Amino acid sequence: MDPRVSELFGAAAAAQKSGGRKTAKNGSKKFKNRSARYPKASNNPPYLPPEAEEGNIEYKLKLVNPTQCRFEHLATQMKWRLQEGRGEAVYQIGVEDNGLLVGLTEEDMKASLKTLRRMAEKVGADITVLREREVDHNSDEPYRIAEVLVRKVPDDQQFLDLRVAVLGNVDSGKSTLLGVLTQGELDNGRGRARLNLFRHLHEIQTGRTSSISIEILGFDSRGGVVNYSESRTAEEICESASKMITFIDLAGHHKYLKTTIFGLTSYCPDFAMLVVSANTGIAGTTREHLGLAMALKVPIFIVVSKVDLCTKGTVERTVRQLERILKQPGCNKVPMLVSSTDDAVTAAQKFAQSPSITPIFTLSSVSGESLDLLKVFFNILPPLSDSKEQEELMQQLTEFQIDEIYTVPDVGTVVGGTLYRCVLLSSLLTVACNKMALVCNDCFSMCSGICREGEQLVVGPTDAGQFRELAVCSIQRNRSGCRVLRAGQAATLALGDFDRSLLRKGMVMVSPEMNPTICWRFEAEIVLLFHAKTFHKGFQVTVHVGNVRQTATVEALQGKDELRTGEKAGVRFKFIKHPEYLKVGAKLLFREGATKGIGQVTKLQPASQYQQQP
């Protein structure tokens, strides 16, 4: 990670204020050249990159009346592309394998799309034409190319799933935007759309999120939003959707920063959506949230909200502020302003391919301006991991990390939650008990392997560094039972009469053959993002590693006596309360007041060989 990310924290607040005044003063001059400063997503290059053998993108010049043998080959090829894209593939019709945009006549295009539809029916998929465009051709007849999305839910999954963390300063409109997206009704300008998202009375009274809440947005196989039909409950949305966007709504106020950090490290989102209010610009925790997402290497895109409250000039100044921040050395991002459906399609594809691209949307939750562009973006946004990574995880031993523990009447102890980041995060989890249903927004994390109903696992470490045996009595996923849970999925597990008092957040449930390593002490290579004075031996910080959250003491700095903001060093930490299960290479984030740092675990000092108790 670039140490210059530290510029987004702490002392950058003063620079932010002066930068905002400068923008307001000089904005009218600079905005005239905005088109030159932003890469337009709708630019039509004369060619595409050559077709790759791997991946989910396929080029086809034409698909007109193929023979039966050729058709079977094409259907098999579509299965491969769908597998590579974990259920989604993109076909470029009218394009040669070398990327040259040739185009087809209207008649050939209709025949090719008809063949493509037959191929999709053969493999049980659906197709949606994302966009068509004309290409230059030496003919009076127009020649066009088409971009087509093919979607099929994998046989071992109920739906495709992406997780998006929602970041931004307090009062930027995060919860209101989610309410509008998931409920399909515009806000009244006073926050009515956000009321269903709040979990506590004080949140309703203040209008400020203080906890982590989960909202889902489902798309059917043709790209339509299923939330707005009769599918209003979470169970009905999950049953109707072929692709699910799970939003993790995080707190914006600085006093709830530890909750926001926990959401980013434990829930491990695939993407982050930074919401910035158009009328206030980059204020409060906006810079800090951007820095956290970048430090954790979470791809981020930006939504400028409340454009209905501002003049066009104010919106332009906010966009320029964002551009300046994104282009500074600590970020090195390329902003991409989205203003049309074609822009949204291109932005979704480029965003997943290049971590430097940062799409920017300007919209209103009251007037509904540009909301459809954001929905198109979510519908097309592909998963980050490929099928090979998924298969590798399936071969590993079962490994869970516990985030939350519940007691359900007539069922007993239940743990449930989200997938821990090796690959993906799963969707909103629920656990059903006879006629009662408990929605679990925070739960356990599955790292790898396969978990089966009735499987024997061990859970720990306890305060004494021991592991205890337990059995998985039943598995519930989206309020329906399942016998097998695979890597990349999430669910709730009933543990029967296992004593809840023996469990705590941060424990792991692993296969007995795994022989897990636990430690009191560990070493990490860190970058100090911000500290008012000097960081030295004896300093105590709260360490976040995945969903592990515990205070640790700095025992030693390698080769240095102290650290200052932006400096790197190897550090040895010691947990002060109980040992934890960690893995070398895990991302680490620590904080204490204004002090913040990021790093990676490099070495573990095992407490002892783990002890298993019945």
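Since the structure is predicted, the reported quantities are computational estimates derived from the model, not experimental observations. Reckoned from all heavy atoms, side chains included, excluding hydrogens, waters and symmetry mates.
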Neighbour count >12 (heavy atoms, 6.0 Å) for atom CD, Glu141: yes
Quick one: closest heavy-atom pair of [X] and [Y], and the distance?
X: Thr115; Y: Pro66; answer: CG2-CG, 3.7 Å
X: Gly94; Y: Ile145; answer: O-CG2, 3.5 Å
X: Ser305; Y: Ser172; answer: OG-O, 2.6 Å
X: Ala241; Y: Gly218; answer: CB-CA, 3.9 Å

Report yes if some heavy atom in the side chain of [X] is under 4.5 Å from a heavy atom in the side chain of [Y]; otherwise report no.
X: Ile282; Y: Ile325; result: yes
X: Val148; Y: Thr128; result: no
X: Leu322; Y: Val276; result: yes
X: Val366; Y: Lys306; result: no
X: Pro359; Y: Ile302; result: no
X: Pro269; Y: Ile248; result: yes
X: Val303; Y: Leu363; result: yes
X: Lys297; Y: Lys587; result: yes

side-chain contact (heavy atoms from CB on, under 4.5 Å) partners of [X], counting only residues at least two apart:
X: Glu72; value: Gln68, Lys122
X: Ser356; value: Val334, Ser354
X: Lys60; value: Glu58, Leu63, Arg70, Leu74, Gln77, Tyr91, Ile93

Trace of the side-chain contact (heavy atoms from CB on, under 4.5 Å) decision for Glu215 with Asp249: CA-CA 8 Å; Glu215 292 296 319; Asp249 190 16; 5.9 Å; no
Would you tell me whether [X] and [Y] have side-chain atoms, one donor and one acceptor, within less than 3.5 Å of each other?
X: Ser367; Y: Asp308; value: no
X: Ser242; Y: Arg222; value: no
X: Ser340; Y: Asp343; value: yes

Hey, what do you get for [atom1] ([X]) to [atom2] ([Y]), rounding to the nearest 0.5 Å?
X: Arg317; Y: Cys310; atom1: CZ; atom2: SG; result: 9.0 Å
X: Leu217; Y: Met244; atom1: CG; atom2: CE; result: 9.0 Å
X: Asn227; Y: Gln183; atom1: CG; atom2: CD; result: 9.0 Å
X: Leu381; Y: Gln349; atom1: CG; atom2: CD; result: 10.5 Å
X: Asp161; Y: Ile245; atom1: CG; atom2: CD1; result: 7.5 Å
X: Phe361; Y: Leu374; atom1: CZ; atom2: CG; result: 5.5 Å

Parallel, tilted or perpendicular: ring planes of Phe377 versus Phe351, cut at 30 and 60 degrees: tilted
Derivation and outcome, side-chain contact (heavy atoms from CB on, under 4.5 Å), residues Ile360 and Phe301: CA-CA 6 Å; Ile360 300 177; Phe301 62 96; over 6 Å; no
Stepwise salt bridge (charged side-chain N to carboxylate O under 4.0 Å, His left out) test for Asp126 and Arg151: CA-CA 6 Å; Asp126 288 301; Arg151 179 175 292 165; over 6 Å; no
The single option from Glu323, Gln328, Met294, Lys327 passing side chain to side chain contact (heavy atoms under 4.5 Å, CB included) against Lys333: Met294
Partner of Val95 by side chain to side chain contact (heavy atoms under 4.5 Å, CB included), out of Leu48, Val102, Leu104, Val135: Leu48
From CA spacing to verdict: salt bridge (charged side-chain N to carboxylate O under 4.0 Å, His left out), Asp270, Arg163: CA-CA 5 Å; Asp270 300 292; Arg163 295 183 68 86; over 6 Å; no
Ion pair check, Glu88 and Lys243, cut-off under 4.0 Å: yes
Residue pair Phe219, Val225: steps toward the side-chain contact (heavy atoms from CB on, under 4.5 Å) verdict: CA-CA 5 Å; Phe219 294 92; Val225 178; 3.6 Å; yes
Test salt bridge (Lys or Arg N to Asp or Glu O under 4.0 Å) applied to Lys110 - qualifying residues, sequence neighbours left out: Glu106
Thr280 and Asn169: CA distance, side-chain angles, deciding distance, side-chain contact (heavy atoms from CB on, under 4.5 Å) verdict: CA-CA 10 Å; Thr280 59; Asn169 189 39; 5.5 Å; no
Those residues that, when tested against Thr311, pass side chain to side chain donor-acceptor pair (under 3.5 Å) (two or more places apart): Thr314
Selection residues 96-131 - residue pairs positive for ring-ring contact (aromatic ring centres under 6.0 Å, His included), sequence neighbours left out: none
Step-by-step side-chain hydrogen bond (donor to acceptor under 3.5 Å, both in side chains) determination, Arg131 to Thr346: CA-CA 10 Å; Arg131 54 184 173 177; Thr346 305; 2.6 Å; yes
